[in-house]
Amino acid sequence: MIKRSAMGSICMCHFILPLTIVVVATLGDSTTESYWLLKIKSELVDPSGALRNWSPTTHICSWNGLTCEVDQTHVVGLNLSGSGISGSISGEFSHLISLQALDLSSNNLTGSIPSELGQLQNLRILLLYSNYLSLNIPEEIGNLSKLQVLRLGDNMLAGEIPPSIGNLSELTVLGVANCNLNGSIPSEVGNLKHLVSLDLQVNTLSGLIPEEIQGCQELQNFAASNNMLEGEIPSSMGSLKSLRILNLANNTLSGSIPTSLSLLSNLTYLNLLGNKLNGEIPPELNSLSQLQKLDLSRNNLSGSLTLLNVKLQNLETMVLSDNALTGIPYNFCLRGSKLQQLFLARNKLYGRFPLALLNCSSIQQVDLSDNSFEGELPSSLDKLQNLTDLMLNNNSFIGSLPPAIGNISSLRSLFLFGNSFTGKIPAEIGRLKRLNTIYLYDNQMSGPIPRELTNCTSLTGIDFFGNHFYGSIPDTIGKLKGLTVLHLRQNDLSGPIPPSMGYCKRLQLLALADNKLSGSIPPTFSYLSQLRTITLYNNSFEGPLPHSLSLLRNLKIINFSNNKFSGSIFPLTGSNSLTVLDLTNNSFSGSIPSILANSGDLTRLRLANNYLTGTIPSELGHLTELNFLDLSFNNLTGHVPPQLSNCKRIEHLLLNNNRLGGEMLPWLGSLQELGELDLSFNNFRGRVPAELGGCSKLLKLSLHHNNLSGEIPLEIGNLTSLNVFNLQRNSLSGHIPSTIQQCSKLYELRLSENFLSGIIPVGLGSVTELQVILDLSGNLFSGEIPSSLGNLMKLERLDLSFNHLQGQVPPSLGQLTSLHVLNLSNNHLHGLIPSTFSGFPLSSFLNNDHLCGPPLALCSEASRMKLSNSQVAAIIVAIVLTSTLICLVLLYIMLRIWCNWIKVAVSSEDGGMVEQKTRNGEYWNMNSPELFPSPEKQISATTCICNLKIDAAARENTLVR
């Protein structure tokens with residue numbers, strides 16, 4: 001709360017300032033400069049007290065920042081540059097009519113440039129650069145006819161450069177760089193006959209460079225880089241004989257470089273980089289004898305290099321990178337050269353190393369990278385005694401490094417990566433005491449890393465990735481006290497990590513992955529306090545981690561995967577800055593430390609294939625930046641903590657092959673970035689959550705080998721990006737949802753070994769990206785195989801076995817030319833197998849009803865046709881008639897047998913004494929009656945019946961007698 005006395009003081013201040021202004025005004029004329037200056041002061045904020053002595057009690061000429069005439073009657077200069085003042089520029093400056101110089105640069109002024117400044121007819125210098133001024137440059141600026149210097153750069157202006165700028169006939173300096181200006185360069189600028197410096201850099205100026213620029217005959221500095229200027233460079237610029245600096249970099253200028261630029265005999269700096277210039281570099285530029293720096297990079301220039309250092313005797317820097325140049329002349333560089341920097345990277349240069357460069361004795365930096373040079377490096381490379389940086393990377397050089405390279409004592413950077421160098425690193429390299437960086441990665445070099453390399457005690461970076469170096473890491477590596485990068489990945493190094501490596505205390509990146517290293521991590525690693533990245537994966541390291549690793553507080557990336565480390569992972573949790581922790585495929589045990597949650601920037605946590613136990617810490621839900629969590633193939637138990645739903649950026653969630661349980665997790669649907677979800681081989685139960693349909697970016701969904709039940713939710717159809725869908729070996733029931741056809745990018749679908757039923761949806765045939773497998777086996781599907789499955793032209797494996805499918809195999813399936821695994825066994829299929837399936841094994845079709853055709857038995861002609869209803873009726877009638885005929889034949893046979901039996905019985909009643917009787921002149925043995933006599937002995941039915949009647953009559957006669 002403000003005290004009353006303080007309130008009184010504030011009120012008094014508000015009263016005194018206007019009163020002071022009134023008093024000053026009454027002491028002289030109303031235009032008294034002190035009056036206006038105090039009014040200007042009242043509109044400014046002055047936190048540093050730069051205007052503290054601006055007071056009516058002191059003479060105006062003693063005020064800070066003011067300059068008066070000799071007679072002290074008028075203020076002619078005001079300089080408040082870098083005073084820290086803020087506020088806006090007052091229009092009251094217009095009353096300081098004698099003002100010749102106004103400098104308000106490098107402050108925090110805002111607002112617009114007041115048009116009233118155009119009334120300062122005596123103003124010669126106006127400096128407003130490095131503020132926060134906005135809006136347009138006022139047209140009234142053009143009224144300042146005596147103005148010589150106008151600098152408005154580094155503000156937040158807008159609009160165009162006013163054409164009235166051409167009225168400033170005395171102007172020598174115009175600076176409007178970095179002001180957000182647009183439009184074109186006004187042609188009126190050609191009226192500025194005395195202009196010496198024109199700085200238009202870093203705006204969005206467009207259009208052509210006006211031909212009228214030739215009117216600025218005194219122009220020495222023309223800088224218009226980083227705009228959107230287009231068209232050709234006007235040849236009229238060659239008339240600017242005084243020009244020393246020409247910077248048109250980073251525009252969209254096109255056409256060829258005008259030969260008229262060779263007339264700029266005073267030119268020392270020419271920068272045309274980052275345009276669309278084409279054609280050859282004009283040899284006329286060789287006449288620019290004063291030129292010191294030339295940059296033509298990032299254009300479309302072609303042809304051979306025509307610039308000769310023998311003529312450009314003062315040239316120190318030549319940058320021609322990112323063009324299409326094809327050659328370097330043999331006489332490019334002769335004795336007496338001053339060339340220090342030559343950059344020819346990313347051209348179309350080819351052939352052997354240009355020996356002409358060896359004559360550039362003064363050269364310090366050579367960049368020939370990203371070309372097509374080949375062959376071996378010259379053995380006389382040490383002629384370049386002043387060389388500090390040699391960049392030959394990404395070419396096709398071969399052979400060994402010349403030992404003479406060790407004689408270039410000034411060498412600091414050696415970039416030879418991305419070539420085909422072979423052989424060993426020469427021991428002479430140890431002479432390079434100034435060597436700072438050596439990058440040899442992506443070559444085919446071999447041999448041991450020379451111990452002499454550790455004599456290069458200035459080394460900060462070593463990168464030998466992707467070679468064939470073998471043997472051990474030099475045990476003297478600890479001599480490199482300034483080493484920050486040691487990258488030895490993907491070689492054939494063996495043995496342990498030398499303990500002396502712990503004395504490379506400035507080491508920030510250590511990459512030893514993909515080697516044959518073994519042993520344990522030395523305890524001296526605790527000294528690597530600046531280490532940020534350590535990758536040891538794909539080696540044979542073993543044993544527990546030293547507890548002292550917990551002292552490494554700056555670690556960000558740790559990858560120890562695919563080793564044999566054991567014990568606890570707790571020593572790796574000392575840093576709260578971890579972004580990547582990958583310990584996959586080791587033998588770590590114990591629980592997952594909850595302290596990992598302190599690394600709020602952790603994005604990848606991979607602990608798969610270890611022996612971790614316990615539960616998943618709920619604290620991991622604090623890792624809101626996490627996008628990859630892989631805890632698979634461990635022995636984790638319990639429930640998945642719902643706090644993981646806070647990890648909204650997670651893209652990969654892999655918890656498979658554990659012993660996790662509980663109800664399936666509906667909160668998974670809130671993870672909108674989820675692309676891979678694998679919960680397979682656990683003990684989850686319940687339904688497949690319909691909420692998963694909200695994970696629209698999901699590519700892989702694997703829930704197989706759990707205890708899930710219920711139906712597959714319709715919302716699965718919302719997963720239109722899904723590639724892999726695996727629910728096999730659960731207890732799911734119901735139908736396959738028709739919405740499955742909306743998963744148009746699906747290329748693997750496994751629903752086997754459940755209790756799914758109903759028909760196979762026809763829409764499944766529209767999922768034409770199915771390729772790896774369609775597996776519906778071991779369910780209760782019925783009905784026919786939909787012919788639409790013949791549209792799955794990319795399908796390689798189809799398994800519909802162990803269901804209740806009926807009908808024929810659709811001929812359309814024969815069109816699946818990519819199919820190499822097929823199983824239709826154990827169904828109720830019948831009919832002809834498509835001929836294109838003849839190459840599949842018998843097991844693909846076994847245990848069906850009536851399938852036929854190769855590789856099974858051939859089908860009869862009748863079974864090859866599908867019968868109509870009338871044909872079926874005809875077959876039934878034929879069967880009935882045939883059955884009737886068979887019955888009649890059987891009746892006849894039975895009757896015949898009965899007749900014979902009666903005959904035998906009658907004969908027996910006649911006394912049984914007669915062993916043989918005759919009938920029709922033939923004997924008939926009664927003891928062994930021939931039921932089916934030979935054809936010649938057969939007696940017709942009529943004869944049998946007649947004989948029967950005769951025998952009966954005889955029997956009656958006998959009885960009568």
In terms of side-chain heavy atoms, does [X] have a donor or acceptor partner in [Y] at a distance below 3.5 Å?
| X | Y | answer |
| --- | --- | --- |
| His194 | Glu170 | no |
| Glu43 | Ser90 | yes |
| Ser81 | Ser105 | yes |
| Lys276 | Asn300 | no |
| Gln341 | Thr317 | yes |
| Glu211 | Ser236 | yes |

Sorted by chain and residue number, the salt bridge (Lys or Arg N to Asp or Glu O under 4.0 Å) partners of Glu92 (sequence neighbours excluded) come out as Lys39
Exercise for the section: Taking salt bridge (Lys or Arg N to Asp or Glu O under 4.0 Å) as the test, write out the residues that go with Arg151, two or more places apart. Expected result: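 Arg151: no salt bridge (Lys or Arg N to Asp or Glu O under 4.0 Å) contacts found.
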In terms of heavy-atom contacts, Leu44 and Leu109 come closest through CD2-CD2, 4.0 Å
Which pair of heavy atoms, one from Arg346 and one from Asn371, lies closest together, and at what distance?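 It is N-ND2, 3.8 Å.
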Distance col, row Asp199:CG vs Leu152:CG, nearest 0.5 angstrom, shows 11.5 Å
Open item on the list: Quick check for you: to the nearest 0.5 Å, what is the distance between Ser410 atom OG and Arg434 atom CZ?
Closed with: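 Interatomic distance, Ser410 OG to Arg434 CZ, rounded to 0.5 Å: 6.5 Å.
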Using a 6.0 Å cut-off, check whether atom NZ of Lys348 has over 12 heavy atoms from anything other than its own residue. no
Decide yes or no for [X] and [Y]: does some side-chain heavy atom of the first lie under 4.5 Å from some side-chain heavy atom of the second?
| X | Y | value |
| --- | --- | --- |
| Ser145 | Gln121 | yes |
| Leu273 | Leu296 | no |
| Asp295 | Leu270 | no |
| Leu37 | Trp63 | yes |

So the disulfide bond (SG atoms under 2.5 Å apart) pairs with at least one residue in residues 190-272 (sequence neighbours excluded) are none
Would you call Asp389 and Arg412 a salt bridge, taking side-chain N to carboxylate O under 4.0 Å as the test?
-> yes
Strictly below 4.0 Å, N to O, side chains only: are Asp322 and Arg298 in salt-bridge contact?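 Arg298 and Asp322: not salt-bridged.
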Q.
Students often mix this up, so state it plainly: with edges at 30° and 60°, are the rings of Phe397 and Phe353 parallel, tilted or perpendicular?
A.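 Tilted.
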